[in-house]
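Order of appearance sets the numbers: ligands from 1, and atoms from 1 within every ligand.
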Amino acid sequence: MKNRVYIFDTTLRDGEQSPGASLNLQDKLTIAHQLARLNVDAIEAGFPVSSQVQFDATRMIAEEVKGPTIVALARCVEIDIDRAAQALEKAKKPRIHVFAATSKIHLEKKFKKNEDEILEMAVAGVRRAKKYFNDIEFSPEDSARTGKEFLFRIVEATIDAGATVINIPDTVGYSNPDEFGQLIAEIRERVPNIHKVILSVHCHNDLGLAVANTLSAIYNGAQQAEVTMNGVGERAGNASLEEVVMALKTRSDFYKKTTKIRTEEIMRTSRLVSSLTGLLIQPNKAIVGSNAFAHESGIHQDAVIKDASTYEIMRPQDVGLEANRIVLGRHSGRHGLKQRLGELGYQLSKPEIDHIYERFLEVADKKKEVYDEDLIALVVGDALQKEVYQLDYFHILSGNRALPSATIQLQRDDQIFQEASVGDGPVDAAYKAIDRIVQLPMQLQNYTLRGVTEGKNAMGEVSVRVKHEERHYVGRGASTDVIEASILAYLNAVNRILTR
Ligand code: KIV
Ligand code: ZN
């Protein structure tokens, strides 16, 4: 498979380290299933030793998600490796990914160890991981700033210790395409046993070069790309999956490489990750931004109508971007809804379908035409979330000369709660009334509203991020009424706190 590039997705590990993104177990599992549909080769599911949630998520994904290799991250420390192995117990294709920093800066400032000590630690780490599984990846963290002689030495030693994948990270996004490509070419030339492993790269985007560095590395012999959906990740993020994959596909004449990604699943995966993490996608983002296939200038529009290839280098269908399709309406039954959701990748239980059907009917009544995007917004915001408080009723009074006020009625089990409040605006008033009912110390940190589809009766999707006891929670809600969507999003966050 000389021309194949393996796609290693780290959305659930490095991507989840994005400031503000925090996913619960169900979110992670939903994303992992979609990544399997996208047909990635490997899913880095988490860093099990770092928290119980990370451990449980990795374990659940290892047990339930079939197809890709499931990877768990560990430092070269016994407890990390043992926890990673435990979390991966049920995986059909498990891989432990051990890492140790190798740059002078990290050695001196972080570890206070010399090169020989780090090399010994890395070799011991790979050997311990190898006792559990065959497939072991080693990353010399901050490779791009590591002295080359030491980098070649540690790569050779960890391959001798049993590593099957060697990953070269540009941890701080310091490199540039020429330099990084050259580094990969030199590793290929100078490390005598490199042909025994898959050579991988992992680039961060601090200078906006993560995708360019990844592609240059592939051009120079890297066989695996570590990427995230929408480019989410620590600080400025990681190389974006969709950009790397579509560059390889669109310019196969140049790179002469293929992946086995089902590119028609890109858009759906992108939207799911954006909804669940609460990290919005900029409109001009390559491949998945809302403007990526939009033509504004009259000259361009005219030419595209004559022949799309004049201004389109990729077909929108190839990334899963089809014209909004009317799929269901108010006369559609539960069965039709269940079937369409199944086609969209959501296998829901009967109670979940019953619940989402009620919401679907409300939307269909207001909107008449219900698009795929509307259904996804409903499912993501609603059905998968266990509800503690449910919205019974709301009444809002607002106007440019009125003091905005809100009355909210919520139900918890058989109990009904009602509160009213004034606020700086209708949403603020509603959130204050909810605060009075639920009595949870929390601060709203972020609020975003976007139209899911186009037109006057489009559904609005609201995403909020709240902080409660030093943790962040994302809540989502969707409705044709943006105030209702706002209330549902806030309640969704409250319910996530209560069911954590
Ligand atoms: O950026 C990095 O170096 C990492 C390693 C753990 C691979 O994320
Ligand atoms: Zn990273």
Side-chain angles (χ1 to χ4, degrees), residues 6-19 21 40-51 54 58 69-77 80-81 83-84 87 95-107 109-111 118 121-122 125-126 129 135-146 150-151 154-155 158 163-175 180 183-184 187 197-211 213-214 217 222-241 244 277 279:
Y6 297 95
I7 298 297
F8 173 115
D9 182 278
T10 182
T11 305
L12 295 173
R13 200 277 299 167
D14 215 326
E16 215 228 354
Q17 291 171 219
S18 299
V40 301
D41 297 286
I43 295 175
E44 190 162 46
F47 188 5
V49 82
S50 68
S51 72
Q54 290 272 335
T58 308
T69 296
I70 306 298
V71 186
L73 185 69
R75 290 168 301 180
C76 291
V77 172
D80 281 36
I81 296 166
R83 284 297 271 170
R95 179 188 298 171
I96 299 179
H97 175 190
V98 285
F99 72 101
T102 48
S103 65
K104 230 187 171 94
I105 289 188
H106 281 239
L107 259 56
K109 308 265 163 106
K110 204 166 89 176
F111 285 130
I118 292 290
M121 202 172 103
V126 171
D135 193 6
I136 306 301
E137 174 165 332
F138 173 68
S139 288
E141 191 190 2
D142 206 12
S143 284
R145 293 193 301 171
T146 299
F150 180 49
L151 184 63
I154 201 165
V155 167
T158 47
T164 46
V165 180
I166 292 290
N167 177 48
I168 305 297
D170 180 12
T171 303
V172 289
Y174 179 73
S175 204
F180 199 60
L183 176 63
I184 297 304
I187 290 174
V197 295
I198 290 175
L199 183 56
S200 167
V201 289
H202 174 116
C203 296
H204 279 270
N205 204 31
D206 298 65
L207 291 172
L209 293 171
V211 169
N213 288 343
T214 303
Q223 300 142 298
Q224 174 178 279
E226 298 201 356
V227 288
T228 59
M229 203 63 220
N230 301 339
V232 294
E234 186 86 44
R235 304 182 310 280
N238 291 60
S240 106
L241 180 151
V244 170
T277 56
L279 299 173

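- Inter-residue side-chain proximity for Phe8 and Ser200 is flagged as unmet; no heavy-atom pair is nearer than 4.5 Å.
- In this structure, His97 counts as a contact residue of ligand 1, since one of its heavy atoms falls inside 4.0 Å of the ligand.
- Using a 4.5 Å heavy-atom threshold, the side chains of Val98 and Glu137 count as separate.
- When the shell of 6.0 Å around OH of Tyr174 is examined, it contains 12 or fewer heavy atoms from other residues, nucleotides or ligands.
- Residue contacts with ligand 1 for Arg13 involve side-chain atoms from C-beta outward but no N, CA, C or O (heavy atoms, distance under 4.0 Å).
- Remark: minimum distance from atom 3 (O) of ligand 1 to any protein heavy atom is reached at Thr171 OG1, 2.6 Å.
- In this structure, NE2 of His202 and NE2 of His204 enclose an angle of 100° at the Zn ion (ligand 2), rounded to 10°.
- Of all atoms in ligand 1, listed by their number and element, those nearer than 4.0 Å to a heavy atom of His204 are 1 (O).
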Take Asp142 and Thr171 through the test side-chain hydrogen bond (donor to acceptor under 3.5 Å, both in side chains) and record every step on the way to the result. CA-CA 5 Å; Asp142 206 12; Thr171 303; 4.7 Å; no
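- At least one N/O-N/O distance between His202 and ligand 1 falls below 3.5 Å.
- Under 4.0 Å is where a charged nitrogen must lie from a carboxylate oxygen, and between Glu141 and Lys110 at least one such pair does.
- Atom OD2 is the N/O/S atom of Asp14 found closest to the Zn ion (ligand 2).
- Taking every non-hydrogen atom of Glu141 and a distance limit under 4.0 Å, the qualifying atoms of ligand 1 come out as 3 (O).
- Contacts of Asp14 with ligand 1, taken as heavy-atom pairs under 4.0 Å, involve the side chain alone.
- Within the structure, ligand 1 lacks Glu234 among the residues with a heavy atom less than 4.0 angstrom away.
- Within the 4.5 Å cutoff, the side chain of Val201 has no heavy atoms near those of the Asn213 side chain.
- No side-chain heavy atom of Thr58 sits under 4.5 Å from any side-chain heavy atom of Arg83.
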